[in-house]
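Okay, structure first, notes after.
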Amino acid sequence: DLCKTLSKLSFPSQGQLSPLNVLALEGLLAIVECVADLCKETPAGLEEISPLPSDQVEALQAAKKQRLLKAKLEAGVEAFNSSPKRGLEVLCSNGYFREPLDPEEVARFLRSAPGLDKALLGDFLGDHTDFCVATMHAYVALFDFH
């Protein structure tokens, strides 16, 4: 908050540099110099810190992988919400589907994927192409109507 305030105060309001602007610039410069000095210093005992245990490293790698998969899923859903055909292409390129597309696999995805535009989903399933009709039948089969 301090840096943000100093930054705002450092800009001249009417084209002329006032003493307040100069003081704000000097304050920002002092902060930057202090951070630079802290970056140059090596804390005592830093070399004694042991690396993470292997199970924690594996957990971190798994978390990174999950974040990457989630980002790819979100990109596919966003693309699907603008154009279902383009969305399926993005999801294929991101590894969610194998080519050629399997209607049952796509139906399972459409049933469980969060954030899909229901109106576009209905338009896609209502298309009269063979693939869309097969996907619609697989999608409907996923529901238990009893």
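Relative ring orientation between F109 and Y96 is described as tilted, the plane-to-plane angle lying within the 30° to 60° band.
Relative to the ring axis of F143, R111 places its NZ or CZ within 45° and under 6.0 Å from the centre.
Here the side chains of L2 and I31 are in contact, with some heavy-atom distance below 4.5 Å. Within the 4.5 Å cutoff, the side chain of F80 has no heavy atoms near those of the D117 side chain. Put simply, the side chain of N94 reaches to within 4.5 Å of the side chain of V90, judged on heavy atoms. Taking 4.5 Å as the limit, every side-chain heavy atom of P84 sits out of range of all side-chain heavy atoms of D123. Using a 4.5 Å cut-off on side-chain heavy atoms (C-beta onward), L23 and E26 make contact. At least one side-chain heavy atom of L69 sits less than 4.5 Å from a side-chain heavy atom of Q66.
Here the straight-line distance linking atom NZ of K72 with atom OG of S93 works out to 8.5 Å at 0.5 Å rounding. Note: T129 OG1 to M136 CE = 10.5 Å, rounded to the nearest 0.5 Å.
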Task: From CA spacing to verdict: side chain to side chain contact (heavy atoms under 4.5 Å, CB included), V106, F131 - done: CA-CA 10 Å; V106 172; F131 179 76; 3.8 Å; yes
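Here the closest non-hydrogen pair linking C3 and L28 is O-CD2, 3.8 Å. Residues Y139 and A107 approach most closely at N-CB, 3.5 Å, considering heavy atoms.
By the rule that hydrophobic residues join a cluster once side-chain heavy atoms approach within less than 4.5 Å of another member, L73 and L68 end up as members of separate clusters.
Put simply, the side chain of D127 never gets that close to the backbone of G122: no donor and acceptor are under 3.5 Å apart. At distances below 3.5 Å, not a single donor-acceptor pair connects side-chain atoms of N81 with backbone N or O atoms of L116.
The existence of a salt bridge linking E89 and R86 is confirmed by a sub-4.0 Å separation between a basic side-chain nitrogen and an acidic carboxylate oxygen.
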